[in-house]
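As structure tokens, the structure follows; a few thoughts come after it.
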Amino acid sequence: MKVLKTELNREHVYEVDKQKRINQLQAALLCVDSTDFDAQLNLYTRIYEEYHSYKFDSAMVYSQKILTLSKKFGKADELIQHKISQGNMLLKAGFYKEAFDNIRELAADSIPETLKSDFLNFGARLNAGIAEYDNDAYFSWNYKQQSAEYVKKAKRITPYNEFEHTINLAFQPDSVKQKKLTPDFFYHYIMRQQLPEHSLAMVATRISYAFTGQDRIFFLALAAINDIRSSTKETLAIFLLGQELFNLNKTNDAFLLLQEAVRNAKFYGARNRAVQIESLLPMVAAKLIDEQQHERDKLLIGILVFLIVAVVLLFLLVIYRRQFLQIKANDGVIKEKNSELESVNEKLWEASKIKEELIGLFFKTCSSYIEMLDKVKLQTQHNIKLGKYNDVNQFLNDVHIEEEKGQLYNMLDTVFLTMFPNFITSFNALLKKEDQIWPKTGETLNATLRIFALMRLGINEQEVIAKILDYSVSTVYTYKMRVKSRALVPANDFERKIMDIKFIDDDYPN
């Protein structure tokens, strides 16, 4: 079938070649002497052979030329032989009456023994053809009987040769056929005979009647391929193949081949074949339209299903996107809360460490002062008992409060710088270079740094700071405002920057 479709596309190439051969023969005919019978008959016959399965009207013209030539030169045998050939051509074209006229004329003549077999075979084909055309229960049967009689007579005159006998084996009943008589056997057998393309097409068409299904399609396709290659327009094979494919519901291929068959029939001039094909074409076309409509309906249903699925997927995608955005937003909130929680935990941990250090400092200082007060008390009581009042006064004068305060501040500074070793550097980074405040040699923190150190420890009330440092509230306020006015950052952000100075400890969480 693939080869057949390829050859259909190359059909015009074969037609061009045939027309070239015809033109060459017609040109040669112009150069022939009108008294030379054999030369004229040869060229007329060759042109007729080119036309007889290609174009009926042109073939008929040269057929009449052969008959006229034979009569002119008194060649009776050639006249009878060509009348038989002409009768076969009339049969192919559907001119049954004219074909019967030919057979009646021939029956009245004295047919040579060498041509009787051809005459009888022509009679058999003519009666079989009219039986197929009538296709009824009464008349067709009579014609089939007459066809069978002609076949019997022809067989007695000329028995089947080996080739015909082998081909006829294909029509034996399945129970009689040998196992080797398969479609492959007959295919390889006829291909080995190296028959001309037109003859091969005729033999393949005949063998196709012996098989069914794919085997019959195979032989009909082989016949149709060789009909195309021989530019045979009077072709039965492509029509039968179209019918067979239609019966197997291969409507597209059937419609293609039947269209080709009807074009061939009209081109050749086979009116009966054209009518026969055109009666079938509407059925094939209607079925093809139904199948195409069914395919369109399937396509439409497929598109609708696709659209429904697409809408559902789009709906799910929208829901998924919303959920994804919600999850993303929740992740953002969770991260933000975790960050806040980490910050809070950090501050809590920092506050806890500061409190721990300050509480330790508080108890250590209190313990030191309680011990000192206890010594003062015991020494004072002892001197009073002994009446050494001057010694009491002298002892109390030896207690230096300012020195104690200094020691307390130094202790507080040391503890603070242990917790915030970068405090002084970070503090001065907030000020211009010329305004930076650094402790003097021997100092840990000065008064200004100590005020902001207490603020970093979380002591924000100015009254509390003033009491701890033994300053007035206005003094603390003045120190703070003086530093803020010189800061590199806005005054409102200065205290926040102070609170951002990092607490550093070996146990500090990273």
Side-chain angles (χ1 to χ4, degrees), residues 1-26 42-56 58-59 62-63 85 88-89 91-93 118 121 125 161-164 166-168 170 183-211 215-245 253 256-270 273 277:
M1 287 300 296
K2 289 180 181 178
V3 175
L4 174 57
K5 290 177 182 178
T6 302
E7 293 299 277
L8 282 172
N9 292 328
R10 301 185 70 248
E11 187 175 19
H12 67 285
V13 176
Y14 299 117
E15 291 177 4
V16 169
D17 291 341
K18 177 177 275 291
Q19 195 59 52
K20 284 181 181 178
R21 291 195 300 272
I22 293 171
N23 292 340
Q24 290 171 356
L25 292 170
Q26 289 174 337
N42 177 54
L43 288 172
Y44 281 146
T45 302
R46 288 173 66 186
I47 296 173
Y48 168 77
E49 291 296 328
E50 292 287 347
Y51 274 126
H52 89 281
S53 293
Y54 180 61
K55 203 166 188 178
F56 172 76
S58 299
Y62 283 93
S63 177
S85 178
N88 281 310
M89 185 177 65
L91 169 61
K92 291 177 182 178
D118 291 340
N121 285 323
R125 282 194 294 270
N161 59 32
E162 182 186 352
F163 178 75
E164 292 172 327
T166 303
I167 296 302
N168 287 334
D184 282 345
F185 167 79
F186 288 104
Y187 168 71
H188 292 296
Y189 179 74
I190 63 175
M191 295 304 290
R192 284 196 300 270
Q193 307 306 313
Q194 297 183 343
L195 300 171
E197 291 165 339
H198 181 57
S199 299
L200 178 58
M202 293 174 65
V203 173
T205 302
R206 171 164 169 72
I207 293 176
S208 71
Y209 286 100
F211 297 99
D215 294 330
R216 188 177 190 198
I217 287 175
F218 173 79
F219 282 107
L220 289 174
L222 177 64
I225 289 167
N226 284 277
D227 279 333
I228 293 170
R229 290 172 178 171
S230 61
S231 292
T232 299
K233 297 298 182 181
E234 187 290 305
T235 170
L236 180 63
I238 200 164
F239 169 57
L240 295 175
L241 180 57
Q243 279 186 314
E244 197 70 21
L245 292 174
D253 287 343
L256 172 68
L257 298 180
L258 290 174
Q259 281 184 312
E260 177 67 14
V262 77
R263 280 195 296 269
N264 288 345
K266 288 180 178 179
F267 183 88
Y268 179 76
R273 184 69 50 73
I277 298 169

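What you see is a predicted model, and the numbers here were worked out from it, not measured in a lab.
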For F211 and F218, what are the C-alpha separation, side-chain angles and deciding distance, and is it a side chain to side chain contact (heavy atoms under 4.5 Å, CB included)?
CA-CA 10 Å; F211 297 99; F218 173 79; over 6 Å; no

Taking E164 for its side chain and N161 for its backbone only, find out whether a donor-acceptor pair lies under 3.5 Å.
yes

Are M191 and L200 side-chain neighbours, meaning at least one heavy-atom pair lies under 4.5 Å?
yes

To the nearest 0.5 angstrom, please state how far the CG atom of N264 sits from the NZ atom of K233.
4.5 Å

Minimum heavy-atom separation for K92 and A270, please, with both atom names.
O-CB, 3.8 Å

Quick one: pull up CZ in R229 and CD in E11 and give me the separation to the nearest 0.5 Å.
13.0 Å

Gap between atom CG of D253 and atom CG of L258 - 0.5 Å precision:
10.5 Å

Does L4 form a side chain to side chain contact (heavy atoms under 4.5 Å, CB included) with E260? I'd like the steps, not just the answer.
CA-CA 12 Å; L4 174 57; E260 177 67 14; over 6 Å; no

What distance do F56 atom CZ and S63 atom OG have between them, rounded to the nearest 0.5 Å?
8.5 Å

When rounded to the nearest 0.5 angstrom, what distance separates OG1 in T232 from NE2 in H198?
5.0 Å

Student check: side-chain heavy atoms of L222 and I190 closer than 4.5 Å
yes

Can you find a pair of side-chain heavy atoms, one from M89 and one from Y48, that are under 4.5 Å apart?
yes

Taking distance alone, no hydrogens or angles, what donor-acceptor pairs closer than 3.5 Å link side-chain atoms of residues 236-244 to residues at least two apart or in another chain?
unit_1, atom_1, unit_2, atom_2, d
E244, OE1, R216, NH1, 3.1

The residue among R10, H12, K18 that forms side chain to side chain donor-acceptor pair (under 3.5 Å) with Y14 is R10

Using a 3.5 Å distance criterion without hydrogens, assess whether the side chain of Y268 forms a donor-acceptor pair with backbone atoms of H52.
yes

Point-to-point distance, once rounded to the nearest 0.5 Å, from CD of E162 to CD1 of I167
10.5 Å

Using the side chain to side chain contact (heavy atoms under 4.5 Å, CB included) rule, take N121 and N88 through it: C-alpha gap first, then chi angles, then the decisive distance, then the call.
CA-CA 10 Å; N121 285 323; N88 281 310; over 6 Å; no

The test is side chain to side chain contact (heavy atoms under 4.5 Å, CB included); show your working for R21 and D17 and say whether it passes.
CA-CA 6 Å; R21 291 195 300 272; D17 291 341; 4.0 Å; yes

Under 4.0 Å between a side-chain nitrogen and a carboxylate oxygen: does that hold for K55 and E15?
no

Side chain to side chain donor-acceptor pair (under 3.5 Å) partners for N168, two or more places apart
R206

Can you give me the closest heavy-atom contact between Y54 and S231, atom names plus distance?
CD1-O, 3.1 Å

Please state whether the rings of Y189 and F163 are parallel, tilted or perpendicular, taking 30° and 60° as the class boundaries.
parallel

Work out which heavy atom in L257 is nearest to a heavy atom in M1; give both atom names and the distance.
CD1-CE, 4.3 Å

Crowding at CE, M202 (>12 non-hydrogen neighbours, <6.0 Å):
no

F219 ring center within less than 6.0 Å of Y209 ring center
no

